[in-house]
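Worksheet: the structure to be examined is printed underneath.
Nothing here was measured: the structure is a model prediction, and the numbers come from that model. Atom set for the values below is all heavy atoms of this structure, side chains included, hydrogens, waters and symmetry mates excluded. Within every chain, numbering begins at 1; the chains are lettered A, B, ... in the order of the sequence lines, protein sequences first and strands thereafter.
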Amino acid sequence: MRSIEKDVEFPQLEKRILARWKEKDTFRRSIRNRAGAREYVFFDGPPFANNLPHYGHLLAGIIKDIVPRYWTMRGLRVHRRFGWDTHGLPVEMEVEKALGIVGKGVASVGIETFNEACRASVLKYAREWESTVEKTGRWVDFEDRYLTMQPSFMESVWWVFRQLWDKGLIYEGHRVLPYSTGCHTPLSNFEASADYRDVQDPAITVTMPWVDDPDCAFLVWTTTPWTLPANLAVAVHPELDYVKLRDHADGRRWVLSANLVGQYFKKPEEYTILERMKGRDLAGIPYVPLFDFFEGKRAEGAFRVLVDEYVTAEDGTGIVHLAPAYGEDDHRVCLREGISLADPVDLDGRFTEPAEPWKGQYIKDADPLIIAELKRRKRLVKHATLVHSYPYCERSGTPLMYKAMPVWFVKVTELRECMLAANAKTAWIPENLRDGRFGKWLEGARDWNISRNRYWGTPIPIWRCEACRGLQVIGSIAELEALSGEKVEDLHMHRIDHLGWTCPTCGAGRTRRVPEVLDCWFESGAMPYAQNHYPFENREHVENGLPADFIAEGLDQTRGWFYTLMVLSTALFDRPAFSNVIVNGLILAEDGKKMSKRLRNYPPPDEILDLHGADALRLYLINSGAVRAEDLRFSERGVRDVVRLALLPLWNAYNFFVTYAMIDGFNPAKEPATDSPDIMDQWIRSRVSTLADTVRREMDAYRLYRVVPELIRFIDDLTNWYIRLNRRRFWKPGLEGDKAHAYGTLHEVLVRFSLLLAPFTPFLAEEIWGNLTGAEDGDDSVHLQDFPEGGAGSMDPGLERTFFLMQEAILLGRSLREEQKIGVRQPLPEMTVIHPDAGLADRFAPLAGVIRDELNVKRLSFATNEADYVHLEAKPNLKVLGPRLGKKMKVVAAAVAGLSQDRLRAVQAGGTIELEGETLDADCLLITRTALAGQVVGAGSGLSVSLNTTVTPELRAEGLAREMINRIQRLRKDSGFEVQDRIGVRYHTEDAGLAAALETHGATVAGEVLAVSWEATGPLEGPEAKEFDLDGRIVRVVIWKV
RNA sequence: GGGCGUAUAGCUCAGCUGGUUAGAGCGCACGCCUGAUAAGCGUGAGGUCGGUAGUUCAAGUCUACCUAUGCCCA
């Protein structure tokens, strides 16, 4: 054992231990150690490495460390591979910025240059990540990491795609997406909402005359006239009220929402209501389109009234025009009705052939031309303008258009039932997420658009014949090489898009890959297979490891990784991807707002780690709702409190042990502690076993948030009860008998506690365990050990209960002393513990000395006759009686309240009583006590105590002696003496009582203050003579070092 | 607009399947320092559990509605 510093710096300690782990390869050995054991499968969700890690990452990382460490100590083998999400938009955007091509498009530098720039930049922050993650104490393999851009990973992703294709789960369709005509690309919703501007747009109302009654027309309103040439239908809400009315101005008849008539007529005299109807009554009525470009679509059911609930009567006419190519709802409703879309606008945003009159015109420029044409055709009834907020392309500054784009879908709707069944087999922390947030999301899941019109990603492995349009899906590199006749080493777009071959279907055309790449969520969802290059390698290993035992990520992954994992594992294997998941919440700044670099409203993670250490941060984070999906307001003070409340007290206990063990030359190998007859030793050993049991139970259920309060409670018992009450045992001379037991016990308890702490505070646990077992001289580590057993054999619940009662007795005694204003230094003759059970006296007997010392009383006695001290009051034990009595509870409760003291005592003594026809025994009643007036009694829940406050002259003298000891001790400290310095004392007092007290107890006082000479003298003068006032008695004292 | 959370002491949060006197830390008041620990110890004050209605013998806990607030989706 080595001696330790008293003023510990945890961050320094952690640094030292990190270096040791690295040197001894402890992490890898902790896995290798369990070579033959069952594998505990953990999947690590890959983060983007294009930013520094924030608290959310650290929190998830800490959970991902604690759980695997725990199961490793439980004897399992837990591989932990780190992964990076290397593809996707964030990387592309950053590279566009770096290359200076924002708004110009990737074509301006070429895909090859662009993709290679992406490849070079993705791991830019990997080093910083590694260093921060390491600092948090997280053990994870950064060397054997997986990257979504590795050819092996991408090949597995292709395999997954091919599997889905073979199962008929992939199809090509359209989705209306925000599209930038400036950048020639659809945008993500995120990008689309980046730049909203207030703009003025035309707001026009046009007529759609009934085919059967041309004088009557629907009124339709729009702010995008350019979508009118592509109009294929109109829609109404089934439950809304509509009217047919006559316009007195020109006699024509209009149909519109009843609520919106006021928008078109100022006065009621201007029109006459002819008919009222519900929206659904209008269903199917055919109308005459504005233009005849798509007249052929009438056969599909176009140009009539459709019904859908998305229609509102808030503005316009309550009848909306549908252009399925240019609106998401339009598209959905028309698709449902079997109307295929019409899209007369090219990728530049210019009209094409079908819309002949405006061919080549940019859509926004065509607006006024279209309006003019409508006016000419007398189809325009109102022309206004509207200022509204409209999304713009952040990069090119052009207004976005919503446009149907060809995309590839996974048919999630077909998997829904299987996914719900798989989800039912998973366990979530917090539980409600499974059927709540996540379950609801699954129930409402729509087909998943997995294609992206981007460059840096896994290319969608579909080749299309330019002649027959036939599709061919490639599921491996070997297949691609065989078909193309070329060697393929990298699957990125710029390396494979030149590959093509003669179409095997028609034998005429040449095949070409479709232009899209896969959504990077598809890749992370494929991670369980792709990280191991399944099925090309590791076949058995991967299949045996499904579903994973454990994953942990943030709440934001509900629609992210949790979802994509589930979609793909269900599609491939009809199984869930994971069995247990811990979901962590958002970490907010202390002010409750989002953490913002710009506002600097939070301390950087590295700063917290360097200042307070990782152990403290770990305990702080897992002791919060953040480990069950609740938001956490991060507070540095909270981290500091953990240090103050848990780590430092434990360090002090450890320091106490080491200090004395070094002095006494205690050798843990020689002194067995297991058989100590001392009741306190047995108690603290039982406590640590109970704690191990509790921690196992909570960790087995993944309830990390239940652990820290238990740890703190134990540390309090260890330091403020066990050590404080037992320290005198360590001061005795020699190293025999009881003292050896004390050492043995404290050693064993600290060692077991450090084992138990290892998953949570890996550094402090390593320090304590290593030093106390001497194992740090070799290669061993606390993290290579088994988690401590709890188990009935090593626990003594009865003893723990007795000890708890003793603690209560002491607390009550202290409270009475405060109340009576009698300081602890004044001895009192007696305290009586009052409890109806006479057996308590026996159980307390071994603890009597402790209680007397703690409360400074001469005698401890016991009484069972509660009536002499306290007034009993009874309440019905609702938990017992409630289910039994039901409605009768009220009358019984009233009767119980009226019971006499005698009858209550009789029940307590084991009798029964009859009340309202019910037989009640002691278990049916809850008895509370209040002190009788005129007594010094404290009533607790388990027992009561009575304090005899009679101070006899003898006790007074003893009290004065203790006061004197206290003053001299303070004087010693003020004089700067060392603890072990011997002193001489001279004193003088005029007070006869005090003089007598100091005479009687002179030897005791002198002994306590280490005085080798002790002398009463005549009056003392001079500055070295200090005057004290002991409750009004004056004494002057001189001390000196001998 | 829809889905899912959250609301308990001045502050940050516990409170398990409804049941007894609703707990802890910080802060506050008062007291206690040489024998591990003042980054300590003790004692105490402080709460109509967001609101309303309901279910029940019994509601901080269950239900409905409302208010505030957060996340996700549209």
Side-chain angles (χ1 to χ4, degrees), chain A residues 6-8 189 310 312 328-329 430 432-433 435-441 443-444 446 554-556 558-560 585-586 588 590 592-594 623-625 628-635 637-638 640-645 647-660 703 705-706 708-709 712-713 719-720 723-724 727-728 730-731 810-811 814-819 821 823-825 873-893 925-928 940-941 965-966 968-981 1008-1010:
Chain A
K6 195 171 158 217
D7 300 312
V8 63
N189 281 323
Y310 93 92
T312 68
E328 198 177 341
D329 284 310
N432 62 291
L433 285 183
D435 300 319
R437 200 182 181 121
F438 190 66
K440 288 273 159 49
W441 172 254
E443 283 167 25
R446 296 197 297 164
L555 189 58
D556 49 333
T558 311
R559 280 124 176 106
L586 209 70
L588 304 170
E590 191 153 17
K593 297 190 184 116
K594 276 193 179 167
N623 192 33
S624 73
R628 46 170 179 181
E630 286 169 23
D631 290 349
L632 169 68
R633 293 185 177 201
F634 184 86
S635 128
R637 166 174 246 137
R640 220 163 34 216
D641 281 349
V642 169
V643 176
R644 218 173 39 78
L645 226 64
L647 302 185
L648 274 177
L650 176 59
W651 185 266
N652 291 330
Y654 166 56
N655 176 51
F656 171 84
F657 177 82
V658 171
T659 306
Y660 286 96
R703 289 188 291 254
Y705 48 88
R706 293 269 186 87
V708 176
I712 290 177
R713 242 190 300 280
T719 60
N720 290 328
I723 293 182
R724 191 170 51 80
R727 47 191 166 175
R728 282 175 189 275
F730 292 87
W731 301 337
I810 290 174
L811 261 34
R814 278 182 193 148
S815 181
L816 286 176
R817 275 192 173 267
E818 288 266 342
E819 182 189 304
K821 308 242 177 291
V824 187
R825 285 194 287 268
E873 247 169 302
K875 291 191 174 177
N877 185 341
L878 298 172
K879 211 162 188 171
V880 173
L881 291 178
R884 181 173 131 196
L885 299 182
K887 284 186 196 288
K888 207 171 168 187
M889 199 64 244
K890 274 201 174 126
V891 276
V892 174
L925 300 179
L926 294 164
I927 294 180
T928 56
S941 57
I965 292 169
N966 167 265
I968 296 175
Q969 298 289 33
R970 289 219 295 244
L971 188 54
R972 280 184 63 124
K973 191 180 186 186
D974 293 345
S975 311
F977 294 176
E978 297 294 321
V979 169
Q980 66 280 9
D981 287 342
E1008 282 294 316
V1009 302
L1010 302 183

Give the rounded distance in Å between these two atoms: [atom1] of [X] and [atom2] of [N].
X: A/R628; N: B/C13; atom1: CZ; atom2: P; answer: 11 Å
X: A/R727; N: B/U37; atom1: CZ; atom2: P; answer: 9 Å
X: A/L588; N: B/C11; atom1: CG; atom2: P; answer: 17 Å
X: A/N720; N: B/A38; atom1: CG; atom2: P; answer: 13 Å

I'd like the [atom1] distance from [M] over to [N], given in whole Å.
N: B/G5; M: B/U43; atom1: C1'; answer: 40 Å
N: B/U61; M: B/G51; atom1: P; answer: 10 Å
N: B/A36; M: B/G31; atom1: P; answer: 26 Å
N: B/G50; M: B/G19; atom1: P; answer: 16 Å
N: B/U48; M: B/U8; atom1: P; answer: 12 Å
N: B/C49; M: B/G10; atom1: P; answer: 13 Å
N: B/G70; M: B/A9; atom1: C1'; answer: 23 Å
N: B/A22; M: B/A38; atom1: P; answer: 36 Å

A correct 5'-to-3' footprint of nucleotides 2-8 of chain B, with B, S and - meaning base, sugar-phosphate only and no protein heavy atom under 4.0 Å, is -BBS---

Which part of the nucleic acid, if any, lies within reach of [X] when heavy atoms closer than 4.0 Å are counted: base, sugar-phosphate only, or nothing?
X: A/R637; result: sugar-phosphate
X: A/R825; result: sugar-phosphate
X: A/N623; result: nothing
X: A/R970; result: sugar-phosphate
X: A/I723; result: base
X: A/S624; result: nothing
X: A/F977; result: nothing
X: A/R633; result: sugar-phosphate

Is the shortest side-chain heavy-atom distance between A/V8 and A/L648 below 4.5 Å? yes

Just so I know, are the side chains of A/F657 and A/Y654 near enough to count as touching, which here means a heavy-atom distance under 4.5 Å? no

Would you kindly compare A/V8 and A/R724 by the position of their nearest RNA chain B nucleotide and give the one closer to the 5′ end? A/R724

Want to settle it: does A/F656 or A/G625 sit nearer the 5' end of RNA chain B, counting the closest nucleotide to each? A/G625

Output the single nucleotide from [options] whose closest atom is nearest the side chain of [X].
X: A/L645; options: B/A36, B/G25, B/C16; answer: B/G25
X: A/R644; options: B/C33, B/G40, B/A36; answer: B/G40
X: A/L555; options: B/A36, B/C33, B/C71; answer: B/C71

Treat a base pair as Watson-Crick or G-U wobble with both distances under 3.5 Å, then lay out RNA chain B in dot-bracket form, 5' to 3', with | for cross-strand pairs. (((((((..((((.....[...)))).(((((.......))))).....(((((..]....)))))))))))).

At less than 4.0 Å, is any side-chain N or O atom of A/Y654 found next to OP1 or OP2 of B/A36? Yes or no. no

A/F656: what forms a ring-ring contact (aromatic ring centres under 6.0 Å, His included) with it, not counting sequence neighbours? A/Y660, A/F730

Sequence neighbours excluded, which residues qualify as ring-ring contact (aromatic ring centres under 6.0 Å, His included) partners of A/F438? A/W428

Quick one: salt bridge (charged side-chain N to carboxylate O under 4.0 Å, His left out) partners of A/R637, sequence neighbours excluded? none

Please enumerate all protein N or O atoms sitting under 3.5 Å from an N or O of nucleotides 43-47 of chain B, with distances to 0.1 Å.
residue: B/G44; atom: OP1; partner: A/S815; partner atom: OG; Å: 3.2

Shortest non-hydrogen separation from A/N966 to A/R825 and the atoms involved: ND2-NH1, 3.2 Å

Say whether, by atom type as modelled, one donor and one acceptor occur between the side chain of A/R633 and the main chain of A/L588 under 3.5 angstrom. no

